[in-house]
Amino acid sequence: MPLQGEYGPSTSAWARAQAEAYEASGGRDAATLRDTGLPVIVLTTLGAKSGLLRKTALMRVEHDGRYAVVASRGGAPEHPQWYWNLLAHPHVELQDGEARHDYVARELSGAEREEWWARAVAAYPPYADYQERTSRVIPVFVLEPAPAEG
Ligand code: F42
């Protein structure tokens, strides 16, 4: 069941532009992080405070139909704001290319987090540098396909 609500564009112009171009083109345009050739996805979350739909471009980290999203924000001291949305409303949508499905997000810890952190760094090596930049433990969520409505 797609998330319902009013879209609230990001205040980050470059990220907003990428999320909107990706979604409008079915993942054909704006599909990589700048000219790195590394693929992105678009995550739709429900605002923890605003209740608005938030669309966030993130690096694509996929394994066996599940995805990880990494709240790195370039190694900034604070979590990105979408982090709080996932905690408040774990039901999210993820668009990967043309495919757009519902998932349930779960924040990881321990060995499970290490397993997905390794996959994330393999997909996007700068994550390791970001973790060096901050004492904040960069959160990793796994997104598992939401149960079919029934
Ligand atoms: N960011 C990452 O953290 N990890 C990535 O892997 C990543 C990859 C990536 C690839 C391409 C690209 O274009 C951007 C990429 N980014 C990546 C950046 C990402 O898209 C976000 O811009 C960044 O993570 C910051 O997220 P943010 O949610 O902090 O965005 C800010 C700029 C923002 O949009 N703020 C909004 C505003 O109006 O100020 C509100 C956002 C929001 O969700 N607010 C909540 C609400 O209720 O609406 C409240 C949340 C709360 O604090 O409770």
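Note that ligands are numbered from 1 as they come in the structure, with each ligand's atoms numbered from 1 the same way. All figures in this text were calculated on a predicted structure; none of them were measured in a lab. We number each residue from 1, following the sequence as shown.
Within ligand 1, the atoms closer than 4.0 Å to a non-hydrogen atom of Gly47 are 46 (C), 47 (O), 48 (O), numbered from 1 in the order shown. Close contacts between ligand 1 and Ala48 involve ligand atoms 46 (C), 47 (O), 53 (O) [criterion: under 4.0 Å to a heavy atom]. Listed by number with element, the atoms of ligand 1 under 4.0 Å from a non-hydrogen atom of Ala15 are 13 (O), 20 (O), 22 (O). Those atoms of ligand 1 that come under 4.0 Å of a heavy atom in Trp82, given as number and element, are 3 (O), 24 (O), 26 (O), 27 (P), 28 (O). Shown in contact with Ser12 at under 4.0 Å from a heavy atom are these atoms of ligand 1, numbered in order with element: 32 (C). When each atom of ligand 1 is checked for a heavy atom of Ser10 under 4.0 Å away, the hits are 32 (C), 33 (C), 34 (O). Shown in contact with Ser50 at under 4.0 Å from a heavy atom are these atoms of ligand 1, numbered in order with element: 46 (C), 47 (O), 48 (O). Residue-ligand proximity, Lys49 to ligand 1, at heavy-atom distances under 4.0 Å covers atoms 46 (C), 47 (O), 51 (C), 52 (O), 53 (O).
Within the 4.0 Å heavy-atom criterion, the part of Tyr127 lying near ligand 1 is the side chain and not the backbone. Of all the heavy atoms of Thr11, the ones lying under 4.0 Å from any atom of ligand 1 are found in both the backbone and the side chain. Of the heavy atoms in Trp84, only side-chain atoms (C-beta onward) come closer than 4.0 Å to ligand 1. Residue Gln81 touches ligand 1 through backbone and side chain together, judged by heavy-atom distances below 4.0 Å. Looking at Gln18 against ligand 1, only its side chain comes within 4.0 Å, counting heavy atoms. The residue Thr45 has no part lying near ligand 1, judged by heavy-atom distances below 4.0 Å.
Between Glu98 and Arg28, at least one side-chain N (NZ, or NE/NH1/NH2) sits under 4.0 Å from a carboxylate O, which counts as a salt bridge. Between Glu78 and Arg73 there is no salt bridge, since no side-chain N of the basic residue sits under 4.0 Å from a carboxylate O of the acidic one.
Residue Gly8 places every heavy atom at 4.0 Å or more from ligand 1. Contact annotation: Leu33 has at least one heavy atom less than 4.0 Å from an atom of ligand 1.
The closest side-chain donor-acceptor pair between Tyr7 and Glu23, if any, does not fall under 3.5 angstrom.
Under a 3.5 Å cut-off, the side chain of Arg54 and the backbone N or O of Gly8 do form a donor-acceptor pair. Glu112 contributes no side-chain N or O that, together with a main-chain N or O of Glu107, makes up a donor-acceptor pair within less than 3.5 Å. With hydrogens and angles disregarded, a donor-acceptor distance shorter than 3.5 Å links the side chain of Arg133 to the backbone of Gly74. Distance alone, capped at 3.5 Å, places no donor-acceptor pair between the Gln95 side chain and the Arg100 backbone. At least one donor-acceptor pair closer than 3.5 Å links the side chain of Glu93 to the backbone N or O of Leu3.
Rounding to the nearest 0.5 Å gives a distance of 9.5 Å between CD of Glu114 and OG of Ser109. Summarising the geometry, atom OG1 belonging to Thr45 is positioned 9.0 Å from atom NZ belonging to Lys55; distances are rounded to the nearest 0.5 Å.
Between Pro80, Ala19, Gly51, it is Pro80 that holds the heavy atom closest to atom 25 (C) of ligand 1. Across the listed options Arg54, Arg16, Arg73, Arg73 owns the non-hydrogen atom lying nearest to atom 3 (O) of ligand 1.
Taking distance alone, with nitrogen or oxygen atoms compared against 3.5 Å, Leu52 stays at or beyond that limit from ligand 1. Geometrically, ligand 1 and Trp14 share no nitrogen or oxygen pair separated by less than 3.5 Å. Between Ala57 and ligand 1, at least one N/O pair is under 3.5 Å apart. At least one N/O-N/O distance between Met59 and ligand 1 falls below 3.5 Å. Inclusion of Val70 in the set of residues having an N or O under 3.5 Å from an N or O of ligand 1 is warranted.
In terms of protein heavy-atom proximity, atom 21 (C) of ligand 1 is closest to Thr56 CG2, 3.9 Å. Scanning the protein for heavy atoms near atom 5 (C) of ligand 1, the closest one is Leu58 CD2, 3.5 Å. Ranking protein heavy atoms by distance to atom 49 (C) of ligand 1, first place goes to Asn85 OD1, 3.9 Å.
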Worksheet item: Could you walk me through whether Thr32 and Tyr22 pass the side chain to side chain contact (heavy atoms under 4.5 Å, CB included) check?
Response: CA-CA 9 Å; Thr32 62; Tyr22 187 98; over 6 Å; no
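Here Leu143 is tied into one hydrophobic group with Ile41, Leu43, Leu58, Tyr67, Val69, Trp82, Tyr83, Trp84, Leu86, Leu87, Val92, Leu94, Tyr103, Phe141, each link being a pair of ILVMFWY side chains closer than 4.5 Å.
Each of Asn85, Leu53, Leu52 was compared with Leu46 under the side-chain contact (heavy atoms from CB on, under 4.5 Å) criterion, and only Leu53 meets it.
Residues Val70 and Trp116 have side chains not in contact (no heavy-atom distance under 4.5 Å, counting atoms from C-beta outward).
Taking each heavy atom of Leu38 and Ala123 in turn, the nearest pair found is CD2-O, 3.8 Å.
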